Amino acid sequence: MMGAPVALCFLLRDGEGGREVLLGRKKRGFGRGKVVGLGGHLEAGETPAEAAARELDEEAGVALDAARLAPAGTVDFRFPARPEWDMECTMFTATVWTGEVAESEEIAPAWYPVDALPVTDMWQDADHWLPIVLTGAVADFRVEMAEDNESVARFVVLRHAEAD
Ligand SMILES: Nc1[nH]c(=O)nc2c1ncn2[C@H]1C[C@H](O)[C@@H](COP(=O)(O)OP(=O)(O)OP(=O)(O)O)O1
């Protein structure tokens with residue numbers, strides 16, 4: 001059975017100390033308390049890019065053009081002990097948006113240097129795939145969580161196309 005379709009979009013900017021990515025502390029629901037990528041479930045009839053753009057508006061108040069998101073690959077998140085949590089995640093990056101990043105009821109967004117990600121505050125699998133995505137690569141991953149639904153039982157790189 002396939003997981004629920006979700007989409008994430010990583011906004012990227014050039015900060016004083018180098019490249020930065022927008023992540024956020026989840027305030028409620030799935031992954032509450034963790035620092036996560038911004039995004040969420042696709043609604044009926046949406047493409048992953050449309051869902052990513054809508055979620056970034058809802059969660060951080062920024063407007064994105066879905067057609068200008070850069071595809072970054074996929075993550076197949078599997079929770080064998082909780083298959084109802086399985087998700088098929090399509091990822092994007094974006095360097096162009098309008099509006100100021102703002103906190104929402106769901107998430108408190110913050111910028112992090114791409115070479116100093118808050119990995120201890122993230123899902124444990126994030127350290128396996130997020131640094132690869134943030135190099136500008138396009139890659140497909142499979143993450144299989146352990147019985148505790150927190151540690152990583154298996155991590156597979158299915159495809160990895162280096163950035164130009
Ligand atoms: N193992 C994992 N590691 C990770 O870093 N992110 C994961 C993950 N498993 C799931 N996710 C992410 C993908 C997805 O964006 C998010 C779950 O989506 P949410 O529950 O935040 O969805 P929505 O924003 O649609 O929320 P609701 O409207 O509250 O359902 O969790």
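Numbering of ligands and ligand atoms starts at 1, following listing order. The structure presented is a predicted model; accordingly, all values stated were derived computationally and were not measured.
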J.: What do you think, any protein heavy atom under 4.0 angstrom from atom 3 (N) of ligand 1?
T.: yes

J.: Touching ligand 1 at all, Arg28? Heavy atoms, strictly under 4.0 Å?
T.: no

J.: For Gly39 and ligand 1, answer yes if some heavy atom of the residue is under 4.0 Å from a ligand atom, otherwise no.
T.: yes

J.: Give me the one residue out of Phe77, Phe141, Phe155 that meets ring-ring contact (aromatic ring centres under 6.0 Å, His included) with His128.
T.: Phe155

J.: Tell me whether Glu55 has any N or O atom under 3.5 angstrom from an N or O of ligand 1.
T.: yes

J.: Going by heavy atoms, is Phe79 under 4.0 Å from ligand 1?
T.: yes

J.: Return the closest protein heavy atom for atom 31 (O) of ligand 1 as residue, atom name and distance.
T.: Phe30 CD2, 3.8 Å

J.: Are Met122 and Val143 in one and the same hydrophobic cluster, where Ile, Leu, Val, Met, Phe, Trp and Tyr link if side-chain heavy atoms are under 4.5 Å apart?
T.: yes

J.: Touching ligand 1 at all, Asp125? Heavy atoms, strictly under 4.0 Å?
T.: yes

J.: State, to 0.1 Å, how close Glu147 and Ala81 come at their nearest heavy-atom pair, and which atoms those are.
T.: O-CB, 3.7 Å

J.: Is the closest heavy-atom distance from Met87 to ligand 1 below 4.0 Å?
T.: yes

J.: Are side-chain heavy atoms of Val35 and Trp123 found at a separation under 4.5 Å?
T.: no

J.: With heavy atoms under 4.0 Å as the rule, classify the contact between Leu8 and ligand 1 as side chain, backbone, both or neither.
T.: side chain

J.: Would you mind checking if Arg28 and Glu106 are paired as a salt bridge, meaning a charged N to carboxylate O distance below 4.0 Å?
T.: yes

J.: Considering only heavy atoms of Glu59, which atoms of ligand 1 have at least one such atom less than 4.0 Å away?
T.: 24 (O)

J.: Which ligand 1 atoms does Gly40 reach within 4.0 Å, using its non-hydrogen atoms?
T.: 15 (O), 18 (O), 22 (O), 23 (P), 24 (O), 25 (O)

J.: So, Arg19 and Asp14, do they make that salt bridge, N to O below 4.0 Å?
T.: yes

J.: Below 4.0 angstrom, N of the basic side chain to O of the carboxylate: do Arg78 and Glu144 qualify?
T.: no

J.: Report the C-alpha distance between Glu58 and Arg54 in whole Å, list the side-chain angles of each, state the deciding distance to 0.1 Å, and finish with yes or no for salt bridge (charged side-chain N to carboxylate O under 4.0 Å, His left out).
T.: CA-CA 6 Å; Glu58 290 175 5; Arg54 174 185 49 73; 3.2 Å; yes

J.: Could you check atom 6 (N) of ligand 1 against the protein and tell me its nearest heavy-atom contact, residue, atom and distance included?
T.: Trp123 CD1, 3.6 Å

J.: Would Met87 end up clustered with Val156 when hydrophobic side chains under 4.5 Å apart are linked, directly or stepwise?
T.: no

J.: Using heavy-atom distances only, which candidate in Lys26, His41, Arg54 approaches atom 22 (O) of ligand 1 most closely?
T.: His41

J.: For the CZ atom on Arg13, are there more than 12 heavy atoms of other groups (residues, nucleotides or ligands in this structure) within a distance under 6.0 Å?
T.: yes

J.: Report the member of Glu106, Glu144, Met145 with the shortest heavy-atom distance to atom 26 (O) of ligand 1.
T.: Glu106

J.: Tell me, which protein residue and heavy-atom name are nearest atom 11 (N) of ligand 1, and how many Å apart are they?
T.: Phe77 CE1, 4.0 Å

